[in-house]
Amino acid sequence: VSQSRYEFIEGHNWRHFAQRQFTLSFWVMSSKTGTHCVAFRNQGTGTADRSYIAEYTVNVANTWEYKSVTVTASPSAGSWNYTNGAGLGVAFSLGVGSTYQTTAGSWQTGNFYGTANQVNVMDNTANFFRITGVKMELGSVATPIQYVPFEEELARCMRYYQKSFHYATAPAQNIGVNTSETIFIAGKAGAASQFYTLPLPVPMRSGAAITTYNPAAANAEVRDITASADCASLTGFSTGSNVMIQVTGNAATAVGNKLGFNWTVHAEL
């Protein structure tokens with residue numbers, strides 16, 4: 001058994017680091033002192049066939065400490081993804097059983113998360129483990145985190161998740177009309193099928209799963225705002241560049257009525 005905090009790096013980004021030395025730096029606070037591990041694992045097959053384990057030491061419990069580990073160039077052999085899949089998994093290990101233990105400091109053939117020296121952060125429910133300021137960069141020298149403007153960071157996030165709701169609004173049904181929903185005009189009257197396509201401001205990693213929300217009722221239907229009625233049915237999907245829906249209107253729907261719905265799409269790794 002292994003327990004860890006995991007992050008995936010998309011293949012398009014990982015290819016910049018592949019087969020080159022790189023350094024991971026971070027701040028860590030743990031209730032357990034001693035040896036901790038961070039694992040770097042390829043994800044081309046879902047289960048890693050190449051792993052690199054780095055050890056670092058938490059010297060003082062419950063105190064923020066700055067750490068960095070340098071990783072040797074990854075091998076070309078193995079199942080690596082260099083496109084829009086999971087190129088590299090970075091796992092901060094909290095507890096590692098013998099099946100997933102190996103030696104530190106070099107790339108290994110297999111699916112590993114830590115070494116036999118890893119302390120067990122999971123042995124007491126009062127324990128905790130926190131990390132922040134994680135940075136991965138080429139070479140053997142760790143440099144400070146660089147400021148990224150909010151709008152740039154938001155656009156990067158939108159490659160994996162987008163929503164119609166305002167930035168600070170959590171997705172939910174029945175939040176009220178004219179609050180952020182996507183609105184389009186009915187082109188057909190009554191219970192007729194019609195389509196709507198919304199271009200996304202940032203193309204997503206892949207075709208995305210869509211969840212729809214009714215702004216004026218506790219269901220996932222499109223709302224005929226003009227007629228104050230729910231449309232009979234709705235299907236939706238995203239190509240990664242667009243949100244596309246097919247909706248069957250309500251009997252009260254007239255040509256020109258305002259139809260509205262909220263949505264989220266995600267293409268997370």
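Computed over heavy atoms, backbone and side chain alike; hydrogens, waters and symmetry mates excluded.
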Do [X] and [Y] come within less than 4.5 Å of each other through their side chains, counting heavy atoms only?
| X | Y | result |
| --- | --- | --- |
| Y6 | V90 | no |
| R50 | W80 | yes |
| M136 | T23 | no |
| M244 | T239 | yes |
| R159 | P203 | no |
| K135 | T143 | yes |
| R130 | V28 | no |
| V243 | T197 | no |

**Asked** Should N81 and T83 be marked as a side-chain hydrogen bond (donor to acceptor under 3.5 Å, both in side chains) after you check the CA-CA gap, both sets of side-chain angles, and the distance that decides it?
**Response** CA-CA 6 Å; N81 186 299; T83 56; 3.3 Å; yes

Straight-line distance of [X] [atom1] to [Y] [atom2], nearest 0.5 Å:
| X | Y | atom1 | atom2 | value |
| --- | --- | --- | --- | --- |
| L24 | Y52 | CG | OH | 11.5 Å |
| Y160 | M204 | OH | CE | 10.0 Å |
| I175 | H166 | CD1 | NE2 | 7.5 Å |
| F17 | S74 | CZ | OG | 11.0 Å |
| L234 | L259 | CG | CG | 10.5 Å |
| N262 | T179 | CG | OG1 | 6.0 Å |

**Prompt:** So, is the end of the R20 side chain (NZ or CZ) under 6.0 Å from the ring centre of F22 and within 45° of the ring's axis?
**Reply:** no

[X] versus [Y], closest heavy-atom pair with distance:
| X | Y | answer |
| --- | --- | --- |
| V247 | F184 | CG1-CZ, 4.0 Å |
| I183 | N178 | CD1-OD1, 4.0 Å |
| A220 | T212 | O-OG1, 2.9 Å |
| T253 | C231 | OG1-SG, 4.4 Å |
| G78 | D49 | CA-OD1, 3.6 Å |
| G187 | V255 | O-CG2, 3.8 Å |

Give a yes or no on whether the backbone of [Y] and the side-chain of [X] come within a donor-acceptor separation of less than 3.5 Å.
| X | Y | result |
| --- | --- | --- |
| E55 | N117 | no |
| Q118 | C37 | yes |
| S93 | G95 | no |
| S238 | V265 | no |
| S31 | F128 | yes |
| R205 | A267 | yes |
| N42 | S79 | yes |
| K258 | R223 | no |
| D230 | E221 | no |
| W107 | T72 | yes |

May I ask you to check whether [X] and [Y] show a side-chain donor-acceptor distance below 3.5 Å?
| X | Y | answer |
| --- | --- | --- |
| N257 | D224 | yes |
| Q101 | T99 | no |
| Y196 | Q246 | no |
| W263 | T182 | yes |
| S164 | E181 | no |

**Request:** Walk me through it: do Y167 and F150 pass the test ring-ring contact (aromatic ring centres under 6.0 Å, His included)?
**Result:** CA-CA 12 Å; Y167 172 77; F150 172 81; 5.3 Å; yes

**Prompt:** With under 30° as parallel and over 60° as perpendicular, where do the rings of F129 and F92 fit, or are they tilted in between?
**Reply:** tilted

Between [X] and [Y], is there a shared hydrophobic cluster once you connect ILVMFWY residues whose side-chain heavy atoms come closer than 4.5 Å?
| X | Y | answer |
| --- | --- | --- |
| I210 | L198 | yes |
| I131 | F40 | yes |
| W27 | V134 | no |
| V58 | I53 | no |
| V38 | L138 | yes |

**Request:** Determine, step by step, whether N127 and M122 satisfy the side chain to side chain contact (heavy atoms under 4.5 Å, CB included) criterion, reporting the C-alpha distance in whole Å, the side-chain angles of both residues, the deciding distance to 0.1 Å, and the verdict.
**Result:** CA-CA 7 Å; N127 291 344; M122 308 298 292; over 6 Å; no

**Prompt:** Given the side-chain rings of Y56 and Y66, with only the six-membered ring counted for Trp, is the space between their centroids under 6.0 Å?
**Reply:** no

**Request:** Answer with yes or no after comparing the ring centroid distance for Y100 and F112 against a 6.0 Å cut-off, counting only values under it.
**Result:** no

**Request:** Take T264 and Q162 through the side chain to side chain contact (heavy atoms under 4.5 Å, CB included) test and state the conclusion after the steps.
**Result:** CA-CA 6 Å; T264 62; Q162 297 186 42; over 6 Å; no

Is the [atom1] atom of [X] crowded by more than 12 outside heavy atoms at less than 6.0 Å?
| X | atom1 | value |
| --- | --- | --- |
| E152 | CD | yes |
| E153 | CD | yes |
| K67 | NZ | yes |

**Request:** Give the C-alpha distance, both sets of side-chain angles, the deciding distance and a yes or no for side chain to side chain contact (heavy atoms under 4.5 Å, CB included) between T57 and H36.
**Result:** CA-CA 6 Å; T57 302; H36 290 59; over 6 Å; no

**Message:** F165: which residues meet the ring pair (Phe, Tyr, Trp, His ring centres under 6.0 Å) condition with it, sequence neighbours left out?
**Reply:** Y213

**Asked** How would you list, by chain and number, every residue that makes a salt bridge (charged side-chain N to carboxylate O under 4.0 Å, His left out) with K32, sequence neighbours excluded?
**Response** D123

**Prompt:** Under the salt bridge (charged side-chain N to carboxylate O under 4.0 Å, His left out) test, which residues partner E268, sequence neighbours left out?
**Reply:** none

**Request:** In sequence, state the C-alpha distance, the side-chain angles, and the governing distance for I245 and F261, and then conclude on side chain to side chain contact (heavy atoms under 4.5 Å, CB included).
**Result:** CA-CA 10 Å; I245 67 160; F261 71 107; 3.5 Å; yes

